[in-house]
Colleague: 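A single structure is presented below for examination.
Source: prediction; values computed, not measured.
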Amino acid sequence: MTKPNPFAYFILIILVIILGILSRKISGIPSFIGDVLYAVMVYFGMRFLFINKSHRKSMALALIFCFSIEFLQLYRAEWIINIRRTSLGHYVLGEGFLWSDLVCYVIGIGMAFLMDYKWIKNRIILP
């Protein structure tokens, strides 16, 4: 098997960020799509940062990260609310806790894991 290419993950992260922002800006696209794409981006981010770790470890790290951010939304201190009011803070930290977001994260990370494991591993996309 060939060595993983961090550049491929970087390109995927950028593409998913663009798609995620567009999903929030275009009316008619359900908001859960953005949550799924957020999880996809986090998974590819973990692969980028921990390129030599296994796919399963990257999946576990991505799930821990996404779930942590979601549960952090239950914390309502003024300083973190002020961060959430900024554009970047809103995109990264979200606003309010939703159980359905946890489901979206599992779906998004699962999809990214399968894409990564099957397509990228076999050099079908981004050689």
Colleague: So which of Phe7, Tyr9, Tyr43 actually passes side chain to side chain contact (heavy atoms under 4.5 Å, CB included) with Phe48?
Modeller: Tyr9

Colleague: Following the transitive rule for hydrophobic clusters with a side-chain heavy-atom cut-off under 4.5 Å over Ile, Leu, Val, Met, Phe, Trp and Tyr, establish whether Leu74 and Phe67 coincide in one cluster.
Modeller: yes

Colleague: Can you sort out the partners of Leu88 under side-chain contact (heavy atoms from CB on, under 4.5 Å), two or more places apart, ordered by chain and number?
Modeller: Val92

Colleague: Pairs of donor and acceptor atoms involving the side chains of residues 11-29, under 3.5 Å and at least two apart or interchain, shall be tabulated with distances.
Modeller:
unit_1, atom_1, unit_2, atom_2, d
Ser23, OG, Gly20, O, 2.7
Arg24, NH1, Ser31, O, 2.9
Arg24, NH2, Asp35, OD1, 3.0

Colleague: Can you name the ring-ring contact (aromatic ring centres under 6.0 Å, His included) partners of Phe113, sequence neighbours left out?
Modeller: Tyr117

Colleague: So which pairs with a foot in residues 84-106 pass salt bridge (Lys or Arg N to Asp or Glu O under 4.0 Å), sequence neighbours left out?
Modeller: Glu78-Arg85

Colleague: Quick one: do Val106 and Phe32 end up in the same hydrophobic cluster if we chain Ile, Leu, Val, Met, Phe, Trp and Tyr together by side-chain heavy atoms under 4.5 Å apart?
Modeller: yes

Colleague: According to side chain to side chain donor-acceptor pair (under 3.5 Å), does anything in residues 104-115 pair up with another residue at least two apart or in another chain? List the pairs.
Modeller: Glu70-Tyr105

Colleague: When you measure from the side chain of Thr86 to the backbone N and O of Asn82, does any donor-acceptor pair fall under 3.5 Å?
Modeller: no

Colleague: Could you report the tightest heavy-atom contact between Ala39 and Cys66, atom names first, then the distance?
Modeller: CA-SG, 4.1 Å

Colleague: Is it possible for you to say whether Met46 and Met111 belong to one hydrophobic cluster, with membership spreading through side-chain heavy-atom contacts below 4.5 Å?
Modeller: yes

Colleague: So how far is it from Lys53 NZ to Ser58 OG, rounded to the nearest 0.5 Å?
Modeller: 9.0 Å

Colleague: Which heavy atom of Val40 sits nearest a heavy atom of Gly108, and at what distance?
Modeller: CG2-O, 3.3 Å

Colleague: Return the set of residues passing ring-ring contact (aromatic ring centres under 6.0 Å, His included) with Phe71 (not counting sequence neighbours), or none when no residue passes.
Modeller: Phe97

Colleague: Enter the distance from Ile64:CD1 to Ile69:CD1 here, rounded to the nearest 0.5 Å.
Modeller: 13.0 Å

Colleague: List the atom of Tyr75, the atom of Ile80, and the distance in Å for their closest heavy-atom pair.
Modeller: O-CG2, 3.7 Å

Colleague: Let me confirm one number: the CZ-CG distance from Phe44 to Leu49, rounded to the nearest 0.5 Å.
Modeller: 13.5 Å

Colleague: Would you say Met41 ends up clustered with Leu93 if hydrophobic residues are merged whenever their side chains have heavy atoms under 4.5 Å apart, either directly or through other cluster members?
Modeller: yes

Colleague: Which distance, rounded to the nearest 0.5 Å, do you find between the CG of Asp116 and the CE of Met59?
Modeller: 11.0 Å

